[in-house]
Participant: 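Mind having a look at this structure? Questions to follow.
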Number of protein chains: 2
Amino acid sequence: MKQYDLETLRSSVLFQDVPLVLLDQLITHGSKRRLARGETLFVQGDKALCLYVVLDGWVKLSRLKQSGEDIVVAVYTKGESFGEAAALMGGIYPVTVEAAEDSIVYQVSAKNISEAIRTNPDLAMAMLAATFRHNHELVLEIEDIKGHTAAQRLATFLVALAPVTHGPCSFALPYDKGLIAARLGMKPESLSRSFANLRANGVTVQRGNVTVNDLDTLKALINAERGPKQKPIPHT
Amino acid sequence: MKQYDLETLRSSVLFQDVPLVLLDQLITHGSKRRLARGETLFVQGDKALCLYVVLDGWVKLSRLKQSGEDIVVAVYTKGESFGEAAALMGGIYPVTVEAAEDSIVYQVSAKNISEAIRTNPDLAMAMLAATFRHNHELVLEIEDIKGHTAAQRLATFLVALAPVTHGPCSFALPYDKGLIAARLGMKPESLSRSFANLRANGVTVQRGNVTVNDLDTLKALINAERGPKQKPIPHT
DNA sequence: CGGCTTGTTGATCCCCGTCAATGCCGGTGG
DNA sequence: CCACCGGCATTGACGGGGATCAACAAGCCG
């Protein structure tokens, strides 16, 4: 286990509140796992034996609907975790997980964790905290879907992705536009049109690279009432 | 504390996995609280000191958006709980809670619970289980919003509300249609039209009383591909 | 009775999904 | 080296679902 990965684990959402000594002891039972882009980690319905922390890359969580299509529940990257619920309760995974890019995940047996929880209340509180955070994210997501247009949701996504919080910036999109669209609950065509709308607000895209003239303009857009229709500006 | 309320607490989502002796000891520190319809329990931003279990009635959880309107996050009834996250983490409530009907809630100080968690791992596991369940509900809700029409969401709501699982039935709507609409993420006008659509599938409404000819017909509707437009049938 | 709230209905608009055509890019094989 | 091809992104045309605005009916309570 490299020092760098240790740092990632220590600052992960799941483990950030766990005392260091306890954590170091916990993760001796885990193992690193590499995933090639497109590789499946587990599928919906599998018996849940492990929980995971993303060390690098991006992984996609999706649910298979009866109608056949699958909908994207979340896309996680470095420091985020998944599978805690199913694994600790000894159930089955409610989602399918696959790598959206070449990725590395850290895998911990649920049995070890749940034993540790029983003997260490701090760990229990830390796990509760992590779950509550997940919970809060979901509530925000519901709020987002119910009250925003596609362009506003895209703006939210970009703001979260930006390396700074104010002024101009430029960064790369982490994965395919198709997956971004699914993550935002829309079709690729709508994503394209949303980008076109944002062009009028100082957002340009060139081959997976985004440039934002002013992040505050974007933030204002998110909270704005559905503004008057704006003309999309043609590509390039 | 009446025997009846004790039963409700013991079978509540939050406490159902907690050993009886421990639970009985826990709730000696709590208190019952009556809410008149429309009364506010706490508002978004309040310091979170207690968590709550609904003993009777219906309470509404909503979030105030910057744009002024508030959106309904959830509506809870007997046996459901809220405020665990904020209270245990010592934060502030992220939502406003008010009674949608005359209601009774059970109020437990977070300090007592978190002390109990530290000394009793079973309680920790039970709380984790409750939170995970809550989590799963939220995921289902997201799935519901993303993939269903207004009429399908209404059908889901009615099926969950029905006192039986098959065949015909009749029951009362628990609260205002306006709130039902908000709960389902739509406007009152749309709810009205959704009811009109369901009339063709054996659903009639008369002053807050719903009659369903066949619940299985409704369930089939929920999973159906977006069927061909059906003519709404006029009211009465 | 007359105001007030709540629910229904109609007309219209806008966002987004669908279907289809085109353009851009990377990879493959002659 | 370049022609060809398949996948992804963009753009246009069209339709449907729900929001909005407005009118109206039905209870409720003074």
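Protein chains get the first letters and strands the later ones, always in sequence-line order, with residue 1 at the start of each.
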Participant: Show the nearest heavy-atom pair for residues B/H148 and B/E143, with the distance to one decimal.
Facilitator: ND1-O, 4.0 Å

Participant: Once you round it to whole Å, what is the distance between C1' of D/dA9 and CG of A/N209?
Facilitator: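 Rounded to whole Å, this separation is 15 Å.
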
Participant: Kindly say whether the aromatic ring centers of A/F15 and A/Y106 come within a distance under 6.0 Å.
Facilitator: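 For A/F15 and A/Y106, the ring centres are not under 6.0 Å apart.
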
Participant: Which comes earlier along DNA chain C counting from the 5' end, the contact point of A/K187 or that of B/G178, where each point is its nearest nucleotide?
Facilitator: B/G178

Participant: Rounded off to whole Å, could you give me the CD1-to-C1' distance for the B/I145 and D/dG17 pair?
Facilitator: 16 Å

Participant: Quick one, A/D46 and A/I92 - any side-chain contact, counting heavy atoms below 4.5 Å?
Facilitator: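 Not touching, per the 4.5 Å side-chain cut-off.
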
Participant: Starting at atom CZ of A/R207, determine the distance to atom C1' of D/dG7, rounded to an integer number of angstrom.
Facilitator: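 Distance, rounded to whole Å: 13 Å.
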
Participant: List the atom pairs, donor and acceptor, that lie under 3.5 Å between side-chain atoms in residues 95-102 of chain B and the rest of the protein, sequence neighbours left out.
Facilitator:
from: B/T96; atom 1: OG1; to: B/Q44; atom 2: N; distance (Å): 2.9
from: B/D102; atom 1: OD1; to: B/R37; atom 2: N; distance (Å): 2.7

Participant: Separation of A/L154 atom CG from D/dT10 atom C1', in whole Å?
Facilitator: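 Value for this atom pair: 15 Å.
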
Participant: Are OP1 or OP2 of C/dT8 and a side-chain N or O of B/S192 less than 4.0 angstrom apart?
Facilitator: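 Looking at the OP1 and OP2 atoms of C/dT8, one of them is under 4.0 Å from a side-chain N or O of B/S192.
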
Participant: Need the bend value for the helix from C/dC1-D/dG30 to C/dG30-D/dC1: angle between end axes, 5 pairs each end, nearest 10°.
Facilitator: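 Answer for the end axes of this duplex: 20°.
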
Participant: To the nearest Å, how far apart are B/M186 CE and D/dG16 C1'?
Facilitator: 16 Å

Participant: Just how far, in rounded Å, is P of C/dT6 from CZ of B/F195?
Facilitator: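 Between P of C/dT6 and CZ of B/F195: 17 Å.
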
Participant: For A/H134 and B/N135, does a side-chain donor sit closer than 3.5 Å to a side-chain acceptor?
Facilitator: no

Participant: OP1 or OP2 of C/dT8 sitting under 4.0 Å from any side-chain N/O of B/K177?
Facilitator: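 For B/K177, the contact criterion (side-chain N or O under 4.0 Å from OP1 or OP2 of C/dT8) is met.
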
Participant: Tell me whether the side-chain N/O atoms of B/T149 come closer than 4.0 Å to OP1 or OP2 in D/dG17.
Facilitator: no

Participant: Considering only heavy atoms from C-beta outward, does the side chain of A/V53 approach that of A/E80 to under 4.5 Å?
Facilitator: no

Participant: Do A/K146 and A/E141 sit within salt-bridge range, that is, some charged N less than 4.0 Å from a carboxylate O?
Facilitator: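 Here A/K146 does not pair with A/E141 in a salt bridge, since their nearest N and O are not under 4.0 Å apart.
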
Participant: What is the distance from CG of A/L179 to P of D/dA9, rounded to the nearest Å?
Facilitator: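 Going from A/L179 (CG) to D/dA9 (P), I get 10 Å.
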
Participant: Check every strand shown and say whether A/G185 touches a base, only sugar-phosphate, or nothing at a heavy-atom separation below 4.0 Å.
Facilitator: sugar-phosphate

Participant: Extract from the structure each pairing of a protein N or O with an N or O of nucleotides 12-14 of chain D at less than 3.5 Å, listing the distance.
Facilitator:
from: D/dG12; atom 1: N7; to: A/R193; atom 2: NH2; distance (Å): 2.5
from: D/dG12; atom 1: O6; to: A/R193; atom 2: NH2; distance (Å): 3.1
from: D/dA13; atom 1: N6; to: A/R193; atom 2: NH2; distance (Å): 3.3

Participant: Could you check how far CG of B/L191 sits from P of D/dG17, rounded to whole Å?
Facilitator: 17 Å

Participant: Between A/K32 and A/D5, does at least one N-O distance fall below 4.0 Å, as a salt bridge requires?
Facilitator: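 Yes, A/K32 and A/D5 are salt-bridged.
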
Participant: As an exercise, state the distance from CZ of B/R63 to CD1 of B/I71, rounded to the nearest 0.5 Å.
Facilitator: 7.5 Å

